[in-house]
Amino acid sequence: MKAIVITAPGGPEVLKLQEVEDPQIQENEVLIKVEATALNRADTIQRKGSYPPPKGASPYPGLECSGTIQAVGSKVTRWKIGDQVCALLSGGGYAEKVAVPAGQVLPVPTNLSLKDAASFPEVACTVWSTVFMMSRLSSGETFLIHGGSSGIGTFAIQMAKYHGVKVFVTAGNEEKLAVCKDLGADVCINYKTEDFVARVKEETGGKGVDVILDNIGGSYFQRNLDSLNIDGRLFIIGFMGGTVTQVNLVSMLAKRLTVQAAGLRNRSLENKAEIVSDVEKNVWPAIAEGKVKPVVYKYLPLSEAAEGHQLMESSAHIGKILLVP
């Protein structure tokens with residue numbers, strides 16, 4: 001089969017389409033013929049050499065895909081050859097075929113094309129496991145999403161609105177903020193021209209928001225704490241603004257704040273299966289109802305993965321970038 005190989009750590013140009021061995025499935029896995037895969041920022045970090053795949057995972061990038069099942073392991077009961085599915089991966093999505101543990105496979109949601117189904121597994125599992133399962137965001141609360149126009153952001157806006165939450169977002173230009181508003185965001189803040197802490201305080205009568213989903217890390221840490229309400233929860237899922245910072249901890253005690261951080265890729269198979277099952281129960285109905293829609297910026301052929309990475313690193317995109325073998 002053909003797959004995108006990271007030929008050496010470096011820029012997008014190190015991504016090359018090459019002929020490689022087909023994956024072999026274990027007894028608890030299925031083999032998927034890939035219809036589409038989606039880019040995630042983690043793929044760009046892996047390409048630079050800083051985010052190696054977990055032990056035993058595919059060496060090729062790609063954390064989610066959609067496609068058709070071509071083979072099933074001897075212990076797999078739910079899935080059969082020919083099923084149209086999408087899946088959460090530990091790697092290997094940038095390829096024509098990928099082996100996946102059966103517990104990480106999802107049916108294609110009703111009303112969604114097989115291709116567009118590739119845009120959901122990673123964002124849905126990330127947002128559901130962090131914001132809803134761990135930070136317990138619930139109806140009537142307020143929620144700030146940094147990077148509202150990203151793949152994670154565009155999904156999180158829609159999912160939060162589905163649950164009756166007031167949504168605040170930050171983004172870097174008016175076009176991105178307009179998309180966020182169209183998706184249902186209530187308060188849209190241009191972080192380049194406005195101080196998000198001041199705007200959050202103003203819009204909440206000085207209280208702050210209940211939950212923040214943050215992909216910036218260090219450079220936003222203090223300001224995030226300052227933006228939270230009493231009993232507020234900050235969830236960190238990325239470090240685009242660095243990993244080291246100085247912080248005044250007083251507000252954490254005074255406001256009883258909770259700070260958590262987590263990724264998906266290095267969780268156990270059992271933990272991933274539990275998240276995927278929860279996503280199917282809680283997120284898939286919202287997609288089937290048309291309340292959560294895919295936001296796809298561009299479809300590129302698999303051979304143009306390098307162009308996809310350049311686009312992602314420019315941050316010019318809104319929503320997801322898909323690669324199609």
Side-chain angles (χ1 to χ4, degrees), residues 2-4 6 12 15 17 32-47 51 53 57-58 60-68 84-100 104-109 112-129 147-159 179 183 215 237-238 263-265 272 275-276 279-280 283-284 287 292-325:
K2 288 188 170 64
I4 292 289
I6 300 169
L15 300 174
L17 188 66
I32 297 175
K33 180 180 185 289
V34 176
E35 176 80 12
T37 185
L39 271 65
N40 288 281
R41 211 163 274 276
D43 306 343
T44 66
I45 303 169
Q46 180 177 339
R47 190 202 71 225
Y51 192 41
S58 168
Y60 315 121
L63 297 175
E64 58 194 331
C65 74
S66 61
T68 306
Q84 294 199 330
V85 296
C86 55
L88 178 71
L89 312 174
S90 297
Y94 290 25
E96 292 176 328
K97 297 173 188 176
V98 64
V100 196
Q104 288 163 226
V105 179
L106 288 149
V108 171
L112 207 59
S113 71
L114 182 57
K115 193 192 288 184
D116 283 351
S119 69
F120 278 121
E122 176 75 15
V123 294
C125 290
T126 296
V127 172
W128 187 260
S129 65
S149 61
S150 66
I152 292 272
T154 52
F155 174 82
I157 292 167
Q158 297 178 82
M159 203 62 215
V179 170
L183 291 171
N215 58 350
I237 56 165
L264 268 179
R265 192 181 199 181
K272 285 181 185 174
I275 291 167
V276 166
V279 162
E280 186 175 352
V283 177
W284 258 222
I287 299 172
V292 174
K293 296 184 170 76
V295 180
V296 179
Y297 185 71
K298 202 165 195 182
Y299 304 93
L300 291 168
L302 184 61
S303 57
E304 292 177 22
E307 188 189 319
H309 275 228
Q310 277 164 346
L311 179 57
M312 176 161 267
E313 288 177 307
S314 75
S315 290
H317 65 294
I318 293 171
K320 298 287 282 189
I321 301 161
L322 266 52
L323 298 177
V324 183

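Counting heavy atoms from C-beta on, the side chains of Val34 and Glu96 never come closer than 4.5 Å. Taking 4.5 Å as the limit, some side-chain heavy atom of Lys320 sits within range of a side-chain heavy atom of Asn40. With a 4.5 Å cut-off on side-chain heavy atoms, Arg265 and Pro53 count as touching. Taking the side chain as every heavy atom from C-beta outward, Ile32 and Cys65 approach each other to under 4.5 Å. Within the 4.5 Å cutoff, side-chain heavy atoms of Ile6 are placed close to those of Leu15. Residues Lys97 and Pro325 are not in side-chain contact: their nearest non-hydrogen atoms beyond the backbone lie 4.5 Å or more apart. The shortest side-chain heavy-atom distance between Phe155 and Thr126 does not fall under the 4.5 Å cut-off.
Here the NE2 atom belonging to His317 is positioned 8.5 Å from the CG atom belonging to Leu39, to the nearest 0.5 angstrom. In this structure, the separation between OG1 on Thr44 and CD on Gln46 is 10.0 Å, given to the nearest 0.5 Å. For the atom pair Ser315 OG and Arg41 CZ, the distance stands at 4.0 Å (nearest 0.5 Å). One distance of note links CG of Leu264 with CG of Leu88; it measures 5.5 Å at 0.5 Å rounding. Taken to the nearest 0.5 Å, the OH atom of Tyr51 stands 7.5 Å off from the CD1 atom of Ile45. Expressed to the nearest 0.5 Å, how far CG of Leu106 lies from OG of Ser66 amounts to 11.5 Å.
Between Ser150 and Gly153 the shortest heavy-atom distance is OG-N, 2.9 Å. Counting all heavy atoms, side chain and backbone alike, Cys86 lies closest to Val108 at N-CG2, 4.4 Å. A pairwise comparison of heavy atoms in Thr37 and Gly93 identifies CB-O, 3.3 Å as the closest pair. Closest of all the heavy-atom pairs between Ile318 and Tyr297 is O-CB, 3.2 Å. When every heavy atom of Leu322 is checked against every heavy atom of Ala36, the shortest pair comes out as CD2-CB, 4.4 Å. Annotation for Val105 and Val276: closest pair O-CG1, 4.0 Å, computed over non-hydrogen atoms.
In this view, Val279 and Ala124, Cys125, Trp128, Ile275, Val283, Trp284 satisfy the side-chain contact (heavy atoms from CB on, under 4.5 Å) rule, not counting sequence neighbours. With sequence neighbours excluded, no residue satisfies salt bridge (Lys or Arg N to Asp or Glu O under 4.0 Å) with Lys33.
Between the side chain of Lys272 and the main chain of Leu89, no donor-acceptor pair closer than 3.5 Å is present. Under a 3.5 Å cut-off, the side chain of Gln104 and the backbone N or O of Ala87 do not form any donor-acceptor pair. Judged by distance alone, with hydrogens and angles left aside, the side-chain atoms of Gln158 form a donor-acceptor pair with the main-chain N or O of Thr154 at under 3.5 Å. Glu64 contributes a side-chain N or O that, together with a main-chain N or O of Glu122, makes up a donor-acceptor pair within less than 3.5 Å.
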Next on the checklist: Would Ile152 and Ile237 count as a side-chain contact (heavy atoms from CB on, under 4.5 Å) here? Give the steps.
Outcome noted: CA-CA 10 Å; Ile152 292 272; Ile237 56 165; 4.0 Å; yes
Next on the checklist: Please determine whether salt bridge (charged side-chain N to carboxylate O under 4.0 Å, His left out) holds for the pair Glu304 and Lys298, giving the CA-CA distance in whole Å, both sets of side-chain angles, and the decisive distance to 0.1 Å.
Outcome noted: CA-CA 12 Å; Glu304 292 177 22; Lys298 202 165 195 182; over 6 Å; no
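Each of Val324, Leu17, Leu323 was evaluated against Ser303; a single residue qualifies, Leu17, per the side chain to side chain contact (heavy atoms under 4.5 Å, CB included) test.
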